[in-house]
K.L.:
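I have a structure here, written as C-alpha cells, and I will follow up with some questions on it.
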Amino acid sequence: MAARRDFTRESLAAGVRAGDRRALARAITLVENSEPLAYDLVRDLYPETGRAYAIGVTGPPGVGKSSLISALVAHVRGEGQSVGVISVDPSSPFSKGALLGDRIRLADHFLDPGVFIRSMGSRGHLGGLAEATLQALLVLDAAGKALVFLETVGTGQGEVEVIGIADTVLLVLMPGSGDSIQALKAGIMEIPDVIAINKMDHPAAKTMLNEVRSVLSLDKERAWKPPIVLTEATRGENVPELWQKIADHRAYLKAENLLEQRRRENLAGEVFAVASARAKAHLERAVADDEALRRLLDEVQSRKLDPLTAVREIMREVFKLEDEDGAGA
Ligand SMILES: Nc1nc2c(ncn2[C@@H]2O[C@H](COP(=O)(O)OP(=O)(O)OP(=O)(O)O)[C@@H](O)[C@H]2O)c(=O)[nH]1
Ligand SMILES: [Mg+2]
C-alpha cells in the first residue's frame with residue numbers, strides 16, 4: 001500500500017505535531033507497514049520527542065491488562081493528561097480484528113479526543129516488534145501525548161522487545177499466574193517496577209500476593225522495591241492506588257537522576273534490538289538466496305565441514321567479518 005495522496009511527508013508531520021487523529025492513525029499504519037514514509041516522518045519528528053512518559057504493561061494472557069489500562073486512562077483523564085495506548089500482539093500478524101478484546105475493553109475512551117488508542121500486529125518488520133513499538137511511541141510522543149501505555153502479552157521473554165523502551169514497567173498478574181512467579185524466581189522474567197495483582201476478589205489473590213512478596217524479598221540489593229497493588233480492573237478498585245505507585249516510581253527516577261540514564265540505556269537497547277533483528281533477517285535471507293552458503297550447511301550435515309568453520313565462512317560472506325573468534329582460518 002502506497003502512502004495515501006492526502007498526506008505528504010510535511011503535512012503528515014504537521015498533522016502529527018498538531019495531534020490530529022487522522023494524521024496519527026495514518027502515521028501508525030505507515031509504521032505498522034514499515035513504509036518508507038514512516039521512517040522519514042520519525043526522522044523529522046525525533047528531535048521533538050522525549051517528553052512523553054512511557055508505561056509498559058505486560059503480563060500473561062487474560063489477566064486484565066487492557067481493562068487495567070482502561071481504568072488507569074479514566075483516572076488520568078480526570079487529571080487532564082493526554083494519553084496514547086499502543087497494544088502490541090506478538091502472536092498476530094494482523095491488527096484488525098485480532099485485538100477485538102482490547103477494543104471492547106478500551107471502548108469507553110474511543111470518543112475522548114484526549115485519548116488515542118491503537119492495536120498493532122507484528123507483520124513483517126525487519127526490525128521486529130521493537131521497531132514497530134519504538135516508532136509508534138515516538139509518533140505519539142511527538143503528537144504531545146503526556147502518557148503512553150504500551151501493552152503486550154507475555155510471560156517472560158519476547159515482550160521485552162516491546163516494553164524495553166518503557167520508563168516504568170507494570171507487570172499484571174492474577175491469582176493463578178504461577179508460571180510468571182516461577183519465571184520471576186528463575187530470573188527468566190525481569191523484575192518489573194510495579195506489580196498489580198488483578199481480579200483481587202478471587203479467593204487465591206492473597207496467596208498470590210504472598211508468593212510475589214516472597215520472590216521479591218530474595219532480591220535485597222535492589223534500591224527500588226517494586227510495590228504490589230491488588231486491583232479489580234472492571235470496577236476500578238485500587239486503580240488510583242496503582243496509579244500512585246506508578247507516579248512514585250516516576251518521581252523516584254527523577255529524584256535519583258535515573259530517568260535520563262534509564263532512557264539512554266533503553267534507547268541503546270532498542271537500537272541494538274532493532275539492529276540485531278535486522279541482521280538476523282539479513283542473514284537468513286542471504287543464506288536462503290545463496291546456493292554456496294546453503295551448500296556449507298549440507299557439508300556440516302555430512303560432516304565434511306565443522307560447524308564453526310561454516311560460521312566463519314558465512315560471517316565472511318554475509319557480513320564481511322574476518323575470524324573474530326581468533327581461531328584463524
Ligand atoms: N472478575 C474480574 N474480571 C476481570 C478483571 N479485570 C479484567 N477482567 C476480565 O478478564 C477478561 C480479560 O481482560 P482483559 O483486560 O482483556 O485482559 P488482557 O490481559 O488485556 O488480555 P489479553 O490482551 O488478551 O492478554 C475480560 O473478560 C475482563 O472483563 C477483574 O479485576 N476482575
Ligand atoms: Mg489486552
Side-chain angles (χ1 to χ4, degrees), residues 1 31-36 38-39 56 58-61 87-99 119-136 150 152-165 177-191 265-329:
M1 185 182 65
V31 161
E32 189 177 33
N33 295 331
S34 300
E35 293 277 347
Y39 297 104
T58 187
S87 287
V88 187
D89 185 350
S91 66
S92 164
F94 310 106
S95 60
K96 296 207 180 61
L99 294 130
S119 298
M120 292 201 308
S122 64
R123 67 182 121 189
H125 291 101
L126 285 176
L129 279 176
E131 177 182 309
T133 318
L134 174 63
Q135 298 276 93
L150 303 170
T152 192
V153 65
T155 41
Q157 305 236 276
E159 70 275 17
V160 172
E161 285 207 331
V162 173
I163 55 163
I165 194 65
S177 303
D179 291 354
S180 300
I181 304 282
Q182 293 311 318
L184 279 173
K185 209 173 195 169
I188 297 165
M189 191 193 295
E190 274 203 56
I191 303 290
E265 286 167 6
N266 284 355
L267 285 167
E270 292 292 294
V271 169
F272 279 111
V274 175
S276 306
R278 287 185 169 217
K280 182 162 180 270
H282 177 68
L283 179 60
E284 284 165 355
R285 244 195 341 260
V287 173
D289 292 348
D290 188 321
E291 207 183 318
L293 290 178
R294 284 205 313 278
R295 205 160 44 231
L296 287 177
L297 299 178
D298 291 337
E299 287 177 16
V300 172
Q301 162 71 13
S302 60
R303 303 203 181 253
K304 289 198 193 95
L305 190 69
D306 71 283
L308 286 198
T309 302
V311 168
R312 272 211 295 277
E313 288 292 323
I314 290 171
M315 297 307 275
R316 184 151 49 211
E317 196 55 42
V318 179
F319 294 115
K320 317 294 175 221
L321 290 176
E322 298 290 340
D323 301 330
E324 53 183 10
D325 48 7

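FYI, the numbering just counts along the sequence from 1. What you see is a predicted model; the values in this text were computed from it and never measured. Values below: every heavy atom of this structure, side chains too, minus hydrogens, waters and symmetry copies.
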K.L.:
Quick one: CD on E270 to OG1 on T133, what's the gap to the nearest 0.5 Å?
P.N.:
7.5 Å
K.L.:
Distance check, rounded to the nearest 0.5 Å: R295 atom CZ versus L305 atom CG?
P.N.:
12.0 Å
K.L.:
Could you go step by step and tell me if V88 and L150 meet the side-chain contact (heavy atoms from CB on, under 4.5 Å) rule?
P.N.:
CA-CA 7 Å; V88 187; L150 303 170; 6.0 Å; no
K.L.:
I163 vs T152, test: side-chain contact (heavy atoms from CB on, under 4.5 Å). Steps then yes/no.
P.N.:
CA-CA 8 Å; I163 55 163; T152 192; 4.0 Å; yes
K.L.:
Please report the shortest heavy-atom distance between A286 and L293, naming the atom on each side.
P.N.:
O-CD1, 4.0 Å
K.L.:
Looking at D290 and A292, would you say the former's side chain and the latter's main chain have a donor-acceptor pair under 3.5 Å?
P.N.:
yes
K.L.:
Shortest non-hydrogen contact from L296 to A310?
P.N.:
CD1-O, 4.1 Å
K.L.:
Between A132 and V31, which heavy-atom pair has the shortest distance, and what is it?
P.N.:
O-CG1, 3.6 Å
K.L.:
How long is the straight-line distance from CE of M315 back to CG of L283, given to the nearest 0.5 Å?
P.N.:
7.5 Å
K.L.:
Please determine whether side-chain contact (heavy atoms from CB on, under 4.5 Å) holds for the pair S180 and M189, giving the CA-CA distance in whole Å, both sets of side-chain angles, and the decisive distance to 0.1 Å.
P.N.:
CA-CA 8 Å; S180 300; M189 191 193 295; 3.8 Å; yes
K.L.:
With sequence neighbours excluded, what pairs up with E313 under the salt bridge (charged side-chain N to carboxylate O under 4.0 Å, His left out) test?
P.N.:
R316
K.L.:
Write down the atom of E131, the atom of S34, and the distance for their closest heavy-atom approach.
P.N.:
OE2-OG, 3.9 Å
K.L.:
Tell me which pairs pass ring pair (Phe, Tyr, Trp, His ring centres under 6.0 Å) where either residue lies in residues 269-307, with sequence neighbours left out.
P.N.:
H282-F319
K.L.:
For residues 301-311, which residue pairs pass the side chain to side chain donor-acceptor pair (under 3.5 Å) check, not counting sequence neighbours?
P.N.:
D306-T309
